[in-house]
Each structure stands twice: as C-alpha cells, then as structure tokens.
*Asks:* 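Pasting in a structure now, in structure tokens, and then I'll have a few things to ask.
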Amino acid sequence: QVQLVESGGGKVQAGESLRLSCATSELTFNIYTMGWFRQAPGKEREFVAGISWRGGDTRYADSVKGRFAISRDKAKMTVYLQMNSLKPEDTAVYYCAADRAVAVDAVWSRYDYWGQGTQLTVSS
C-alpha cells in the first residue's frame with residue numbers, strides 16, 4: 001500500500017517562503033515519479049511541479065517557474081516543494097502524488113496515489 005503524507009502547509013504573507021514535505025516509503029520513493037498538485041476553491045486540480053523517480057527530470061507549471069523548486073531526499077524518503085515569493089493566488093490545498101511513469105506527467109488523472117493534502121493560505 002502506497003502512503004503519502006504531506007506536511008508543511010500554513011498561513012503566510014505574500015512574498016514569504018514555505019516548504020512542503022511529502023513522506024513516503026522506500027519502495028515508493030525509489031520507483032515512483034512524484035508530483036505536486038494544488039486545488040483552490042471552485043477550481044480544477046492543477047499541476048504544480050514534478051520530479052522523476054531518478055531525480056534527473058523536473059517540470060514546473062508556468063505559474064510557479066522560478067519561484068518553486070521540487071527535490072527528493074533519498075535518505076529521508078521525502079519529496080519537498082520549496083515555495084518562494086508566495087502570492088495570494090498560490091492559496092490552495094496542495095497534494096502530493098505518485099505515478100509509475102518514468103517521466104513527469106502534468107495530468108492529475110494519470111497519478112496512481114495521492115496524499116491527504118495540506119492547506120496553504122497566502123494573504124496580501
């Protein structure tokens with residue numbers, strides 16, 4: 001059973017930084033490509049960032065490119081999303097997801113497993 005546990009959400013001011021974490025098992029960490037998605041109230045779930053299981057391929061949504069960074073820590077079996085220069089429009093529930101694909105996929109329906117989500121609220 002694949003389990004993904006997100007943490008690190010909270011309330012921040014615009015311009016501040018925050019880091020989200022997604023903890024998983026060793027097996028999941030080693031064979032799954034990982035992605036971060038977000039969903040704001042009344043909006044569809046959207047891709048934020050993804051990293052291949054080998055860590056060599058990363059991909060970002062245009063809206064976060066240059067501000068967010070995704071990374072993996074093999075020793076901790078954790079995937080991180082470092083978010084800088086946060087904006088009110090980044091406010092959403094952020095989800096970690098795992099995909100058996102080799103390459104990063106931006107389509108949420110192609111991911112096999114999901115975490116419970118963590119709320120980020122950015123105030124102006």
Side-chain angles (χ1 to χ4, degrees):
Q1 182 73 17
V2 174
Q3 288 189 320
L4 306 173
V5 181
E6 301 107 329
S7 61
K11 297 181 180 180
V12 298
Q13 297 285 325
E16 293 183 344
S17 299
L18 202 66
R19 188 178 74 168
L20 303 182
S21 300
C22 175
T24 185
S25 66
E26 181 176 5
L27 179 62
T28 301
F29 187 88
N30 287 333
I31 67 173
Y32 281 79
T33 286
M34 304 296 291
W36 284 98
F37 289 76
R38 66 186 182 188
Q39 188 165 19
K43 295 188 177 181
E44 292 187 355
R45 188 168 299 190
E46 64 173 355
F47 173 78
V48 176
I51 187 166
S52 62
W53 67 273
R54 288 184 175 179
D57 176 36
T58 58
R59 186 174 174 183
Y60 298 92
D62 288 342
S63 58
V64 306
K65 204 171 291 184
R67 299 188 298 122
F68 290 13
I70 189 170
S71 61
R72 326 173 53 120
D73 185 328
K74 186 174 183 179
K76 297 182 178 180
M77 295 176 289
T78 299
V79 177
Y80 299 103
L81 184 67
Q82 177 66 43
M83 304 180 293
N84 301 323
S85 302
L86 284 163
K87 304 175 181 179
E89 50 263 44
D90 294 320
T91 295
V93 177
Y94 283 71
Y95 297 91
C96 175
D99 181 10
R100 282 301 301 265
V102 174
V104 176
D105 202 316
V107 180
W108 70 266
S109 59
R110 295 177 182 167
Y111 282 72
D112 303 295
Y113 301 98
W114 292 83
Q116 81 286 355
T118 185
Q119 176 71 47
L120 168 67
T121 302
V122 184
S123 57
S124 57

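All values below come from the heavy atoms of this structure, side chains included, with hydrogens, waters and symmetry mates left out.
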*Asks:* State, without any angle test, whether Ser17 and Asn84 hold a side-chain donor-acceptor pair at a distance under 3.5 Å.
*Replies:* yes
*Asks:* If we only count heavy atoms from C-beta on, is the Phe68 to Trp36 side-chain gap below 4.5 Å?
*Replies:* no
*Asks:* Give a yes or no on whether a salt bridge exists between Asp90 and Lys87, defined as a side-chain N under 4.0 angstrom from a carboxylate O.
*Replies:* no
*Asks:* Counting only heavy atoms not in Glu44, do more than 12 fall under 6.0 Å of its CD?
*Replies:* no
*Asks:* Checking side chain to side chain contact (heavy atoms under 4.5 Å, CB included) for the pair Asp57/Ile51: CA distance, chi angles, key distance, verdict?
*Replies:* CA-CA 6 Å; Asp57 176 36; Ile51 187 166; over 6 Å; no
*Asks:* If we ignore hydrogens and angles and just use 3.5 Å, is the side chain of Glu6 paired with the main-chain N or O of Gly117 as donor and acceptor?
*Replies:* yes
*Asks:* Locate the shortest heavy-atom distance separating Phe47 from Ala106; write the atom from each residue and the value.
*Replies:* CB-O, 3.3 Å
*Asks:* If you count every heavy atom of other residues, nucleotides or ligands that lies below 6.0 Å from Gln3 atom CD, does the total exceed 12?
*Replies:* no
*Asks:* Quick one: does NZ or CZ of Arg45 land under 6.0 Å from the six-membered ring centre of Tyr95, within 45 degrees of the ring axis?
*Replies:* yes
*Asks:* Which distance, rounded to the nearest 0.5 Å, do you find between the CG of Leu4 and the OG of Ser25?
*Replies:* 8.0 Å
*Asks:* Between Thr78 (side chain) and Lys76 (backbone), is there a donor-acceptor pair under 3.5 Å?
*Replies:* yes
*Asks:* Against Ser52, only a single residue in Asp99, Val102, Thr33 fulfils side-chain contact (heavy atoms from CB on, under 4.5 Å); can you say which?
*Replies:* Thr33
*Asks:* Taking the side chain as every heavy atom from C-beta outward, state whether Lys11 and Val122 have any pair of such atoms under 4.5 Å apart.
*Replies:* no
*Asks:* Is Tyr94 reachable from Val64 through a run of I, L, V, M, F, W or Y residues, each pair having side-chain heavy atoms under 4.5 Å apart?
*Replies:* yes
*Asks:* When clusters are formed by joining ILVMFWY residues with side-chain heavy atoms under 4.5 Å apart, either directly or through shared neighbours, do Val93 and Tyr111 land in the same one?
*Replies:* yes
*Asks:* So that I can tick it off, tell me whether Asp105 and Arg110 are bridged by a salt bridge, with the cut-off set at under 4.0 angstrom between side-chain N and carboxylate O.
*Replies:* yes
*Asks:* Please check if Val48 and Val12 belong to a single hydrophobic cluster, counting links between Ile, Leu, Val, Met, Phe, Trp and Tyr side chain heavy atoms closer than 4.5 Å.
*Replies:* yes
*Asks:* Can you give me the closest heavy-atom contact between Pro88 and Ser123, atom names plus distance?
*Replies:* CG-C, 4.5 Å
*Asks:* Just by modelled atom types, is the Ser85 backbone N or O under 3.5 Å from a matching donor or acceptor in the Arg67 side chain?
*Replies:* yes
*Asks:* Work out which heavy atom in Arg38 is nearest to a heavy atom in Ser63; give both atom names and the distance.
*Replies:* NH2-OG, 3.4 Å
*Asks:* Could you walk me through whether Ile31 and Arg100 satisfy the side chain to side chain contact (heavy atoms under 4.5 Å, CB included) test, starting with their C-alpha distance in whole Å, then the side-chain angles of each, then the deciding distance to 0.1 Å, before giving a yes or no?
*Replies:* CA-CA 7 Å; Ile31 67 173; Arg100 282 301 301 265; 3.9 Å; yes
*Asks:* Side chains of Val79 and Ile70: closer than 4.5 Å at any heavy-atom pair?
*Replies:* yes
*Asks:* Does the side chain of Met34 reach to within under 4.5 Å of the side chain of Arg72, using non-hydrogen atoms?
*Replies:* yes
*Asks:* In the structure I gave you, are the side-chain heavy atoms of Thr24 and Tyr113 within less than 4.5 Å of one another anywhere?
*Replies:* no
*Asks:* Are the side chains of Thr118 and Leu20 in touch, meaning some heavy atoms are under 4.5 Å apart?
*Replies:* yes
*Asks:* Begin with the C-alpha distance, continue with both residues' side-chain angles, and end with the deciding distance and a verdict on side chain to side chain contact (heavy atoms under 4.5 Å, CB included) for Val2 and Tyr32.
*Replies:* CA-CA 10 Å; Val2 174; Tyr32 281 79; 3.9 Å; yes
*Asks:* Mind running side chain to side chain contact (heavy atoms under 4.5 Å, CB included) on Met83 and Leu120 for me, showing each step along the way?
*Replies:* CA-CA 11 Å; Met83 304 180 293; Leu120 168 67; 3.8 Å; yes
*Asks:* Please say yes or no: joined through hydrophobic side-chain contacts below 4.5 Å, possibly via intermediate residues, are Val104 and Phe37 part of one cluster?
*Replies:* yes
*Asks:* Any chance CH2 of Trp108 has more than 12 other-residue heavy atoms, nucleotides or ligands included, within less than 6.0 Å?
*Replies:* no
*Asks:* Taking the side chain as C-beta and beyond, is there a heavy-atom pair between Asp73 and Tyr80 under 4.5 Å?
*Replies:* yes
*Asks:* Any heavy-atom pair between the side chains of Glu46 and Gln39 that's under 4.5 Å?
*Replies:* no
